[in-house]
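Within every chain, numbering begins at 1; the chains are lettered A, B, ... in the order of the sequence lines, protein sequences first and strands thereafter.
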Protein chains: 2
Amino acid sequence: MATIYEVSALAGVSLSSVSRVLNDHEHVSEKTKKKVMAAMAELEYRPNPVARSLASSRSDSIGVLVSELHGPFFGDMLSSIELALRNAGKHAVITAGHSDEESEKKGLDFLIDRNCDALILLVDAMSDDDLIKLSRNKTPFVILNRNIPEIRENCFYLDNELGGYLAAKHLIELGHKDIAYISGPLSKQDSTERLTGHKRALIEAKIPFNKALFYEGDYLTQSGRDGISNFIENKVLFTAVACANDEMASGAMRGARDNSINIPSDCSIIGFDNAYFTEYLFPQLSTINNPIKAMAKMSTEWILKNVYKQKDLEIKNLFSPELIKRESVVKVITGIKQ
Amino acid sequence: MATIYEVSALAGVSLSSVSRVLNDHEHVSEKTKKKVMAAMAELEYRPNPVARSLASSRSDSIGVLVSELHGPFFGDMLSSIELALRNAGKHAVITAGHSDEESEKKGLDFLIDRNCDALILLVDAMSDDDLIKLSRNKTPFVILNRNIPEIRENCFYLDNELGGYLAAKHLIELGHKDIAYISGPLSKQDSTERLTGHKRALIEAKIPFNKALFYEGDYLTQSGRDGISNFIENKVLFTAVACANDEMASGAMRGARDNSINIPSDCSIIGFDNAYFTEYLFPQLSTINNPIKAMAKMSTEWILKNVYKQKDLEIKNLFSPELIKRESVVKVITGIKQ
DNA sequence: CAAACAACTGGAAGCGCTTCCATTCTTGAT
DNA sequence: ATCAAGAATGGAAGCGCTTCCAGTTGTTTG
C-alpha cells in the first residue's frame, strides 16, 4: 500500500499539502491539487483510515449497537441504517449487546474506543440513567425505540400508546367487546405503552378491562400460544385478541388452531409491528405498522446533521403507527359467542 | 482517557514494559507485572485500539461482509458469528454489500483498510476469480455459502445437491409423481445445485423431468406465488411442489390458496432452509434444514485456529442438510388428481 | 512603489501504541 | 568466585496520518 509519503514525493509537494487535498481543505491551489490527485491515482493510493483516525480522532464511521442481530425488527433497522450511512459516505460498525447489561456496556466501549464519530443505540438492558450519563461524554449518540425525556432530542421512537389504541379501536369498531390482550414483558417501556393505549380505547368504549383476558408474554412466539391456552383455561369468552407484537400474534394463531378456534371467523387476531412475515401467514395478519425503517433512517439523519453538519435535514423524533387491515380481523358475529 | 505514558509513569517502569504486560509477552517479571496492573487499574486505563492497530497492523477484529443485513438467513448467521467471536475476545465489524459488485468491493476495502485480522464473506456479486485473487492478499478470509474449488479450504457450504435430493425423495416416497419445482435464480450456485439434486431423485425414481412443471424464481415470496400461477396457466397437473427456499414456499402456499388449492390435502409443498418463520405458517412448512448457524460458527473457528492459532479446533467445510417433516407434505391421494 | 493582507506551502510535532535493539540483571554451572 | 546464557528492562524509532505554526508568495490598496 502506498502511503502519503510516496504521494507527496511523486507529486513533488509536502506532506501537509497532500493531507490538505485529502481532506478537501481550503487554501490549496488548483495546481498542487491536480498534481496530488494525479500522484494518488498513479499510486492507487488509499488513505489508511487507522492512521487517520489516530491523528484526528475521527473515523467517518458510526457505531451501531443493537440488542440482537437477528429477527425481522433488527434486520430491517440495520439494513436501513447501513444504507443511509453508505449514501452519505460514512460507514456503520455494527455490534450486538445481547440484551445483557454488561455486554451492552462492553459493546459501547468498543465503539467509543474505535473513535466512532457517533453512535446509534438500540439497547434495552442499560438503564435510563446510564444513557443520560453517557450523554455527557464527547461521543454523540441517538437512541432508537426508547424515549428518555431528559435527552428526548436524541431519541427516536414510536407512539406506542397510539398503536395500542388503534389496534383495540379497530377491534371495537368491528363490534368486539370481549378482547383479550397478550402483552410484552411489562418491564419494557414499549410494552406498557402499548397496553396503556389498549386500555384507553377500552375506556373510551366503556368496556371494562378484564384481568382474566390479560396475559403477559415475552414477545416470543411461544408466549402467544401460551396466552391463548391461558385464556381458555380461565374459561373466559373472547372474540378477539390483540397482541403486542407479531411473533406473539403468530403464536396466538397457532394456539387458537390447537383449540379448534378458527381465525378469523371464531376469533379475530391483531398483531403489532408489521413484520415482513405477517404477510406469509394464513390468514394474513392484521397489524399495526411500526415504521422502523423510517425511524432508523431519521436517526442517521440526525447524525448527518448534528455531527457532520449536513444541511437541509428535518428531524422528527416521534413516529406514528398505522393500522394495517388484512385478513385476521373481521366483524364480530354477534349472538354466537356472546 | 489515560494513556500508556501515564501508566508507565505511575508504575515507574518504561513504556515497553507496560506494552509487554498489555500484550502478555514473556520475559516480564511478576513484580513489574503487578505494578503495571495496579497502575492500570488505578487509572482505569483502556488501551486505544486505534493506536494499537496502527502500530501493529492487527486489530482483534474480524470483518464480516454480507450481501444483506435483513432476512432470516443473514440475521441468524450474523448472530452466530458475533457470539462466537465475542466468546473468543474478538470483535465483529459488520458491513453489507447489497449484492452489488462494486458495493461489495468497497465493503471489502473498507474492512481490509481497517486492519481486520480476517474476513468472513457472504457475497454473491463478486466473481470466483475475484475471490481467488483476493486469496493472494495478506488478509485471510473465509467464504460462506459458496464452494470455490481453488480455495475450498476457505469455503463453508451446504451440500445443496443433497438437500434438493432429499426434498424430492421425500415427496416421491409419499407417492408424488407430478412434482413441480420452483427454483432460485439459476445464476446462483446454490440454486443450480439444489435443482441438480432434485433431478437426481427424479431420475432415480424414473420420473421424467417435466419442463412445464419448472419455474425459475428469485428466492423472494412473490415468485413462489407466480410459480403456482404459472403452473396453473400451463394446465399441468401437480400434486406437490418443491421450492428452493422457504420464502418462495410461503409464496407458493399463498398462490395455491388463491386458486382454492388446499395445502396439503390437494397439494404438498416443501421448502428449503428451515427459516424460523416456517413454523409460524399454516400448515407448518416441511422443509430442508440448512445449518446456517453451525456453518457460521465453524467459519469463525477456522479463523480462531488459523489466524489466532487457537488449538483443538476441528474444521469441516461441508455441511449436510436434513429433512424436516412438518405439516405441509402428505401422502399423495392417488386416483384423485391423477 | 511600499505596505498590508490574504492565499498558499512546508516543517515538525504529535496521536498512542508496538517492537527492535542494546543494555543491565539474574541465574546456574563450573 | 567466575562466566556465559538467558531473562528482564529501557530507549528510541516508527506505524501513516493531521494540524499548528511560521514562512513564502502573490495580490491589492493608498
Side-chain angles (χ1 to χ4, degrees), chain A residues 1-40 43-61 91 109-110 112-117 138-139 308, chain B residues 1-37 39-40 43-61 109-110 112-117 138-139 308:
Chain A
M1 284 285 5
T3 74
I4 200 174
Y5 289 93
E6 303 167 41
V7 174
S8 128
L10 182 61
V13 300
S14 72
L15 275 193
S16 338
S17 292
V18 178
S19 175
R20 274 187 208 102
V21 346
L22 215 49
N23 293 289
D24 228 25
H25 267 257
E26 42 184 7
H27 304 325
V28 195
S29 71
E30 275 306 311
K31 213 174 66 187
T32 66
K33 199 171 193 167
K34 281 231 176 74
K35 283 194 289 186
V36 171
M37 299 284 239
M40 285 181 177
L43 294 169
E44 293 185 44
Y45 170 71
R46 284 196 331 233
N48 179 327
V50 179
R52 257 185 143 171
S53 181
L54 178 61
S56 67
S57 40
R58 284 182 278 95
S59 67
D60 280 350
S61 65
H91 290 277
D109 285 344
F110 171 73
I112 293 174
D113 287 350
R114 301 267 150 166
N115 279 346
C116 284
D117 298 338
K138 75 167 202 294
T139 310
Y308 298 118
Chain B
M1 283 286 3
T3 73
I4 200 174
Y5 289 94
E6 302 166 44
V7 175
S8 127
L10 182 63
V13 300
S14 72
L15 274 195
S16 337
S17 292
V18 178
S19 175
R20 275 187 208 103
V21 346
L22 214 51
N23 293 288
D24 228 24
H25 266 257
E26 40 185 7
H27 304 326
V28 195
S29 71
E30 275 308 311
K31 212 173 68 187
T32 65
K33 199 171 192 167
K34 282 231 174 73
K35 284 195 287 186
V36 171
M37 300 283 241
M40 284 181 178
L43 294 169
E44 293 186 43
Y45 170 72
R46 281 196 333 231
N48 179 329
V50 178
R52 255 185 147 172
S53 180
L54 179 61
S56 68
S57 40
R58 282 183 280 96
S59 66
D60 278 349
S61 65
D109 286 344
F110 171 73
I112 293 173
D113 288 350
R114 301 266 150 167
N115 280 345
C116 285
D117 297 340
K138 75 166 201 294
T139 309
Y308 298 118

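Using a distance-only test at 3.5 Å, with no hydrogens or angles considered, no donor-acceptor pair links the side chain of Ser61(A) to the main chain of His91(A). Without hydrogens or angle criteria, Asn115(B) side chain to Ser59(B) main chain gives no donor-acceptor distance under 3.5 Å. Remark: the backbone N or O of Val13(B) is paired with a side-chain donor or acceptor of Ser8(B) at under 3.5 angstrom. Looking at Ser19(B), its side chain never comes within 3.5 Å of a backbone N or O of Leu15(B) through a donor-acceptor pair. Thr139(B) places no side-chain N or O within donor-acceptor distance of the main-chain N or O of Ile112(B), the cut-off being under 3.5 Å.
Counting 5' to 3', DNA chain D first comes under 4.0 angstrom of a heavy atom of chain B and last does so at the ends given by dA7(D) to dG16(D).
Across all strands, Val18(A) comes closer than 4.0 Å to no nucleic acid atom at all (heavy-atom distances). Residue Thr3(B) is in sugar-phosphate contact alone, with no base atom involved, counting any heavy-atom pair closer than 4.0 Å across all strands shown. In this structure, Ser17(B) reaches the sugar-phosphate backbone alone: every heavy-atom distance under 4.0 Å involves primed, P, OP1 or OP2 atoms, never a base. Residue Val28(A) is classed as a sugar-phosphate contact, given heavy-atom separations below 4.0 Å to backbone atoms only.
Atom CE of Met1(A) has more than 12 heavy atoms from other residues, nucleotides or ligands within 6.0 Å.
Between His25(A) and the choices Leu22(A), Asn23(A), Val21(A), the side chain to side chain contact (heavy atoms under 4.5 Å, CB included) rule is met once, by Asn23(A).
The distance from atom CZ of Arg20(B) to atom C1' of dC20(C) is 10 Å, rounded to the nearest whole Å. Rounded to a whole Å, the CG atom of Asn23(B) is 12 Å from the P atom of dC20(C).
For DNA chain C, the residues of residues 43-59 of chain A within the heavy-atom distance limit of 4.0 Å (strictly under) are Leu54(A), Ala55(A), sorted by number.
When the nearest nucleotides of DNA chain D are assigned to Ser14(B) and Ala2(A) by heavy-atom distance, the more 5′-ward of the two goes with Ser14(B).
Between the NZ atom of Lys34(A) and the OG atom of Ser29(A) there is a distance of 10.0 Å, given to the nearest 0.5 Å.
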